[in-house]
2 protein chains.
Amino acid sequence: MSLPNAILGLLTYQPMSGYDLKQVFDTSINFFWTAQLSQIYRELSMLEKKGYVTSRIEPQEGRPDRKVYSLTQEGNKSFLEWLNRFSESLLLPVRDEFNIRIFFGSRLPKEELVFQLNKYIRELRLGLELYNTLDNSLRQYAEALLRPEEEFYWRLTVKKGIIMAEAAIRWAEECLQELANSR
Amino acid sequence: MSLPNAILGLLTYQPMSGYDLKQVFDTSINFFWTAQLSQIYRELSMLEKKGYVTSRIEPQEGRPDRKVYSLTQEGNKSFLEWLNRFSESLLLPVRDEFNIRIFFGSRLPKEELVFQLNKYIRELRLGLELYNTLDNSLRQYAEALLRPEEEFYWRLTVKKGIIMAEAAIRWAEECLQELANSR
DNA sequence: TACAGTTACTTGACATGTCATATATAACAT
DNA sequence: ATGTTATATATGACATGTCAAGTAACTGTA
């Protein structure tokens with residue numbers, strides 16, 4: 001139920017096409033809930049069937065016509081209901097494939113584990129850099145979407161990404177330490 | 001591809017029924033990769049079709065017969081290949097529904113946000129307690145599965161759970177702080 | 001004695017997510 | 001001239017995950 005509601009939520013800002021939505025996703029929600037274009041298009045047609053959005057074709061010269069979706073009153077109502085209806089448990093099932101490999105770590109050569117842990121750390125550091133540059137451009141993003149009052153909350157979600165990535169780096173470094181000790 | 005390989009990995013310890021596998025899951029892998037019984041049964045029959053496991057019916061008195069699955073040589077080979085084939089990117093897409101709601105936080109009453117953040121912290125603390133008691137029982141678990149040499153790696157996965165939960169708690173507390181400041 | 005809970009296995013429908021491919025045109029670079 | 005990237009939408013096959021219910025018989029509790 002997250003993706004359709006994330007889409008409805010973004011459409012509360014302004015009418016957008018599926019392509020537009022993907023752009024906004026990639027610079028915001030994508031960091032904690034990924035969506036592919038194909039999924040967005042599918043959800044949009046399902047939301048239209050339910051009457052939560054309406055579409056309007058905008059002819060364009062030279063490039064394919066835009067299909068712009070707008071939120072309906074029922075769509076807005078449904079979104080706000082979802083937003084206010086926090087699930088029983090706020091802890092969603094974690095899916096961490098990297099941890100599965102660590103779980104079976106005794107079957108891997110230690111050098112391979114050390115190599116992969118270092119690679120993991122490198123990738124997390126790249127992610128951190130991305131979050132930090134994103135953090136700087138948040139204000140412009142808020143202005144572009146005509147939603148300056150959202151900036152505060154967007155900043156909180158970015159902060160979570162940063163804190164979690166830093167924690168994962170610390171964990172991986174401890175793993176390297178313990179692997180070195182156990183040799 | 002994670003679930004079938006997690007199952008194959010557990011079957012390297014000893015032959016088990018789907019029900020057994022679920023028990024082991026619930027006390028270990030479930031913390032970073034959840035699986036429902038129905039999923040495990042489905043994967044087992046698919047793995048059998050591929051020739052990665054074989055099954056044998058163990059008649060039981062009084063209760064339904066057990067269908068015990070054993071790893072084949074090809075199954076073991078396939079598992080080890082998967083284990084050694086780390087994916088290009090070690091950072092799987094994160095799915096954090098709680099963060100979606102924070103993203104749209106301006107649409108929620110502040111008291112509701114504060115309430116949910118506190119609930120989030122409480123749940124994470126409960127999770128931490130669980131991890132800590134689990135940590136103490138890891139040795140017995142390792143002995144029960146006749147795999148004392150795995151304990152070291154299992155402990156690393158538990159450590160990740162603890163570190164990540166602690167980080168999430170810190171984030172939520174910072175959110176509460178910032179919400180209080182912004183009032 | 002009735003009911004709930006546990007052991008054990010299975011199926012079906014559905015929801016969600018991924019990957020590959022298709023169409024079409026403009027702008028830009030090699 | 002040719003190829004790549006960006007704009008824009010869409011579909012199909014498949015993989016994966018969730019939810020609900022069904023069968024069957026024992027064990028423990030009220």
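Numbered from 1 within each chain, the chains take letters A, B, ... in sequence-line order. Quick caveat: nothing in here was measured; it's all calculated off a predicted structure.
For the OP1/OP2 pair of D:dG17 and a distance below 4.0 Å, the side-chain nitrogens and oxygens of B:Arg42 include no atom meeting the criterion. The phosphate of D:dA10 has OP1 or OP2 within less than 4.0 Å of a side-chain N or O from A:Lys67. OP1 or OP2 of D:dG17 has at least one side-chain nitrogen or oxygen of A:Arg95 nearer than 4.0 Å. Dashed line: the shortest gap from a side-chain N or O of A:Tyr19 to OP1 or OP2 of D:dT7 is under 4.0 Å.
When the P atom of C:dT11 is taken as reference, atom CE of B:Met46 falls 14 Å away, rounded to whole Å. When the P atom of C:dT18 is taken as reference, atom CG of B:Leu92 falls 10 Å away, rounded to whole Å. Nucleotide C:dA8 holds its P atom 15 Å from the OH atom of B:Tyr69, rounded to whole Å. For the pair B:Leu47 CG and D:dA15 P, the computed distance is 13 Å after rounding to whole Å. In this structure, CE of B:Met16 is placed 12 Å from P of C:dC9, rounded to the nearest angstrom. Spacing between atom CD of A:Glu58 and atom C1' of D:dT9 amounts to 14 Å, rounded to whole angstrom units. The nearest whole Å value for the distance from the CD atom in B:Glu43 to the P atom in D:dA15 is 10 Å. Rounding to whole angstrom units, CG of residue B:Leu3 and P of C:dG17 are separated by 17 Å.
The hydrophobic cluster around B:Tyr41 extends to B:Tyr19, B:Leu37, counting ILVMFWY residues whose side-chain heavy atoms fall within less than 4.5 Å of a member.
In the region residues 24-41 of chain A, proximity to DNA chain C at under 4.0 angstrom, judged on heavy atoms, holds for A:Trp33, A:Gln36, A:Ser38, A:Gln39.
Among the nucleotides D:dT16, C:dA8, D:dA8, the one closest to the side chain of B:Arg66 is C:dA8.
Looking at A:Val53, A:Leu21, A:Leu10 one by one, the single match for side-chain contact (heavy atoms from CB on, under 4.5 Å) with A:Tyr69 turns out to be A:Val53.
Within 6.0 Å of CD on A:Glu81 lie more than 12 heavy atoms contributed by other residues, nucleotides or ligands. Environment of NZ in B:Lys119: crowded, with over 12 heavy atoms of neighbouring residues, nucleotides or ligands closer than 6.0 Å.
The 5' end of DNA chain C is approached more closely, in terms of each residue's nearest nucleotide, by B:Asp20 than by the other of B:Asp20 and B:Pro93.
A cation-pi arrangement is absent between A:Arg95 and B:Phe32, since the terminal nitrogen or guanidinium carbon is not both under 6.0 Å from the aromatic centre and inside a 45° cone about the axis.
Checked for salt-bridge contact, A:Glu151 and A:Arg155 meet the test: a charged N lies under 4.0 Å from a carboxylate O.
Every ring pair (Phe, Tyr, Trp, His ring centres under 6.0 Å) that B:Phe79 has, sequence neighbours left out, goes to A:Phe104.
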